[in-house]
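Take a look at the structure set out below.
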Amino acid sequence: MAYSFPEEVLEHVFSFLSSDRDRNAVSLVCKSWYDIERWCRRRIFVGNCYAVSPEIVIRRFPELRAVEMKGKPHFADFNLVPEGWGAYAYPWIAAMAEAYPFLEEIKLKRMVVTDESLELISKSYKNFKVLVLTSCEGFTTDGLASIAANCRHLRELDLRESEVEDLSGHWLSHFPDSCTSLVSLNMSCLGSEVSFSALERLVARSPNLRTLRLNRAVPLERLANLIRRAPQLVELGTGAYSAEIRSDTFSNLADAFSACKQLKTLSGFWDVVPSYLPAMYSVCSGITSLNLSYAAIPSSDLVKLINQCQNLQRLWVLDYIEDSGLDALAASCKGLQELRVFPSDPFGAEPNVPLTEQGLVSVSEGCPKLESVLYFCRQMSNAALIAIAKNRPNFIRFRLCIIDPQAPDYLTLEPLDTGFGAIVENCKELRRLSMTGLLTDRVFKYIGSHAKKLEMLSVAFAGDSDLGLHHVLSGCDSLRKLEIRDCPFGDKALLANAAKLETMRSLWMSSCFVSFGACKLLAQKMPRLNVEVIDERGPPESRPEGCSVERVYVYRTVDSRQRLDRPDFVWTLDEDSSLRYS
Amino acid sequence: MEKRGAGLETELRLGLPGGEVEKNEKKRVFEEFDGCEDKAAVHKNQVVGWPPVAAFRRKNSFNGGKMYVKVSMDGAPFLRKVDLSMHKGYSELVRALEDLFGCFGIGEALKEDEENNEFVPIYEDKDGDWMLLGDVPWEMFANSCKRLRMMKRADANGVGLHAKDLLKGFSKED
């Protein structure tokens with residue numbers, strides 16, 4: 001080019017790019033664009049904290065304001081990742097405290113966060129605004145007290161589904177009277193009672209509060225006063241939704257709800273007394289998202305509530321809703337986009353409620369916008385799956401869990417291959433799939449042939465041979481995350497598709513047939529992959545050649561050093577495949 | 001795991017007389033529970049981490065999360081209570097039980113009864129049956145256990161483990 005835009009102009013143009021993909025593309029154009037872009041990037045998302053090191057991030061992006069990161073693999077939610085595996089936030093927090101004095105946002109998922117980290121956050125960033133800890137652990141309410149006390153401009157404190165050691169509710173009282181900036185507070189995962197007067201005062205002095213999710217310890221009698229002080233709320237999570245049945249409590253609550261004209265999302269509802277549900281009816285027509293997945297409410301009361309929520313887009317509920325309730329949902333909520341049905345008695349051998357595949361079929365028939373499903377049930381048939389697939393070719397997420405993991409089609413006793421095959425064939429935009437039931441290599445053939453947009457696949461107790469795994473790795477062009485447990489997949493498919501693994505974020509295989517030798521070979525072949533053998537039985541070499549490893553976790557990384565924070569049950573293998581363990 | 005579907009060795013033993021007894025430095029009451037948490041079970045629905053309900057959701061489910069059950073020990077003058085939701089597996093529970101009852105002379109019981117120097121941990125399940133601890137995955141046990149009993153091994157000998165026999169002499173008072 002004879003001339004080029006001045007840097008400031010390019011920077012201004014780039015400032016309109018918010019998607020990571022666009023910014024990554026921009027930085028590939030030429031060296032000067034790379035350089036300009038990296039100085040003006042303000043937000044990053046790191047999908048796997050071990051894919052890169054804090055030093056590399058800081059070196060490339062010196063002026064970040066927001067960092068979002070994920071740690072443990074998804075199967076950690078089901079206790080398949082041993083305690084102490086890793087995903088420690090502290091090294092990141094410490095490095096960023098030095099490098100980014102103007103950092104405003106930290107969002108972490110499935111990471112180990114200590115009180116030390118929280119204290120460091122609270123003291124290092126003058127303008128800290130947003131802390132979201134999803135499914136994290138390792139900290140106590142003392143750490144929360146530091147955040148409350150020191151972050152003068154805090155806007156969001158969201159602890160969704162984290163495991164917090166709850167020493168007391170006193171942390172909430174650490175918010176100074178001068179703190180009026182809160183927009184979002186989610187303390188639903190905490191056990192102890194906070195001071196109700198401190199909570200009321202905090203809510204009252206936070207005019208921008210949009211999201212308030214209380215914990216179970218906040219009794220229903222207190223709810224009215226709280227929401228009265230925040231009629232501008234958009235998202236509300238109640239505490240325990242039970243009280244003695246008294247008309248004054250009821251009318252007080254109903255009045256308070258009726259003042260909340262902006263309410264769109266409701267959650268909480270522990271220990272529900274159904275007679276109090278009608279107190280909410282005045283807001284129901286505006287509700288788009290309802291999370292009743294902790295609420296034991298009989299089907300008839302659920303139906304009455306759902307019939308009030310004509311504009312519902314998202315519903316999370318327990319299987320107490322029954323097939324009949326799902327029929328009602330299909331009839332009332334034509335705008336429904338997402339449905340999750342959780343099991344009320346996951347370990348019971350027999351069904352405890354009349355909820356079957358029929359409920360899902362009804363909803364797929366009646367709700368034209370339904371695109372995301374998570375469904376636990378006890379029986380399924382190919383016919384039902386085929387009907388669902390034909391009804392709803394617009395699915396983007398389909399997660400089915402049959403309680404008995406190898407249940408065949410209950411009508412024909414055949415595998416559910418054709419049913420899931422129909423799903424991937426019809427739903428061309430499918431991005432996420434979880435399968436259960438009796439499944440052979442055939443279903444993987446269908447997936448490899450049709451699921452071209454599939455990004456995440458979860459498989460358990462399925463398949464007959466390596467061919468199954470091979471179909472998926474060779475056929476699914478968009479695959480980013482693959483997690484497998486208890487399947488007869490092994491070395492051949494893994495090694496034959498080694499190159500594919502570098503195009504993915506990660507592969508998890510536990511209780512399969514992968515040998516240590518294959519892991520070594522894979523690590524040798526693919527230097528930009530970390531191959532972690534997670535095995536609690538001692539050094540893998542101490543076992544016979546063909547013995548399978550307990551778990552293997554493979555992920556791409558630009559950090560060429562081996563993990564320094566490995567526990568003694570994680571073996572990683574470097575290029576010359578010499579065994580390294582701490 | 002070894003070949004799927006094959007019978008799997010577990011390290012649980014009844015420790016009946018004549019069987020192997022591990023001699024360890026520290027005499028622990030329930031040695032057979034060390035490290036056997038993740039043995040895949042023979043039956044497909046007795047498996048770790050299945051069904052895939054997130055641990056957080058299980059803990060905070062509508063029925064309260066806390067799971068206090070009574071624990072009695074043969075020979076002890078009063079019962080204790082233990083919260084099953086606080087423990088992640090059998091070995092943790094067993095350690096907690098030993099802590100709870102340490103003062104009731106487990107040591108003495110061991111001396112008296114040199115050969116049968118262990119207690120048999122049993123529990124009453126949802127159906128009212130008395131079951132030996134450790135057969136099913138932890139989560140399944142925790143969800144169906146109503147009460148625990150540490151039975152003197154001597155009482156288990158020659159009795160086969162029929163529920164009604166175990167209840168002989170066991171107070172039905174709550």
Side-chain angles (χ1 to χ4, degrees), chain A residues 74-83 134-135 137 160-163 188-189 191 215-216 269-272 292-297 318 320 342-349 376 399 401-407 434 436 458 460-461 485-488 510-513 536-537 547-550, chain B residues 1-6 8-11 34-67 83-92 125-127 129 135-146:
Chain A
H74 173 236
F75 273 0
D77 287 355
F78 316 124
N79 297 329
L80 293 181
V81 178
E83 191 86 17
T134 306
S135 303
E137 52 165 353
R160 52 183 99 152
E161 312 214 329
S162 290
E163 271 206 43
S188 55
C189 64
N215 64 345
R216 196 176 195 153
F269 299 109
W270 287 283
D271 314 316
V272 175
L292 299 169
S293 61
Y294 293 102
I297 304 177
L318 285 167
Y320 289 130
F342 295 96
S344 53
D345 184 19
F347 301 105
F376 281 81
R399 298 160 70 185
C401 179
I402 308 170
I403 300 284
D404 176 357
Q406 287 178 307
S434 305
T436 35
S458 310
F461 303 98
R485 64 164 294 177
D486 294 273
C487 295
S510 55
S511 304
C512 296
F513 295 153
E536 293 172 286
R537 297 170 300 178
C547 188
S548 308
V549 299
E550 278 180 347
Chain B
M1 69 165 216
E2 310 311 325
K3 295 278 185 242
R4 191 166 52 128
L8 294 162
E9 324 295 308
T10 69
E11 286 167 6
D34 288 342
C36 68
E37 305 307 358
D38 290 316
K39 293 281 185 282
V42 177
H43 301 295
K44 55 195 171 226
N45 55 353
Q46 293 181 355
V47 175
V48 172
W50 193 268
V53 176
F56 176 86
R57 179 167 289 282
R58 257 185 265 156
K59 259 198 177 173
N60 290 278
S61 68
F62 60 90
N63 62 12
K66 300 245 175 266
M67 302 160 138
D83 179 3
L84 297 179
S85 68
M86 292 299 293
H87 303 290
K88 296 209 168 119
Y90 287 115
S91 44
E92 271 186 40
D125 75 359
K126 272 191 185 141
D127 301 323
D129 295 320
D135 284 340
V136 302
W138 170 259
E139 298 120 343
M140 194 178 229
F141 155 75
N143 278 282
S144 69
C145 170
K146 282 181 17 203

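Here is the naming used below: chain letters follow the sequence lines, and residue numbers restart at 1 for every chain.
- Across every non-hydrogen atom of B:Arg57 and A:Phe342, the tightest pair is NE-CE2, 3.4 Å.
- Interface residue A:Ala460: only side-chain heavy atoms are found under 4.5 Å from chain B.
- The main-chain N or O of A:Ile403 is found under 3.5 Å from a side-chain atom of B:Trp50 such that the two form a donor-acceptor pair.
- Minimum heavy-atom separation, A:Ser162 to B:Phe56: O-CE1, 3.8 Å.
- Using a 4.5 Å heavy-atom cutoff, the side chains of A:Phe347 and B:Pro51 are in contact.
- For A:Ser510, the side-chain contact (heavy atoms from CB on, under 4.5 Å) partners at least two apart in sequence or on another chain are A:Leu80, A:Arg485, A:Trp508, A:Arg551.
- No side-chain heavy atom of B:Pro52 sits less than 4.5 Å from a side-chain heavy atom of A:Phe75.
- Listed by chain and residue number, B:Tyr123, B:Asp127, B:Asp129, B:Met131, B:Ser144 satisfy the side-chain contact (heavy atoms from CB on, under 4.5 Å) test with B:Asp125 (two or more places apart in sequence, or in another chain).
- Only the side chain of A:Glu163 has a heavy atom closer than 4.5 Å to any heavy atom of chain B.
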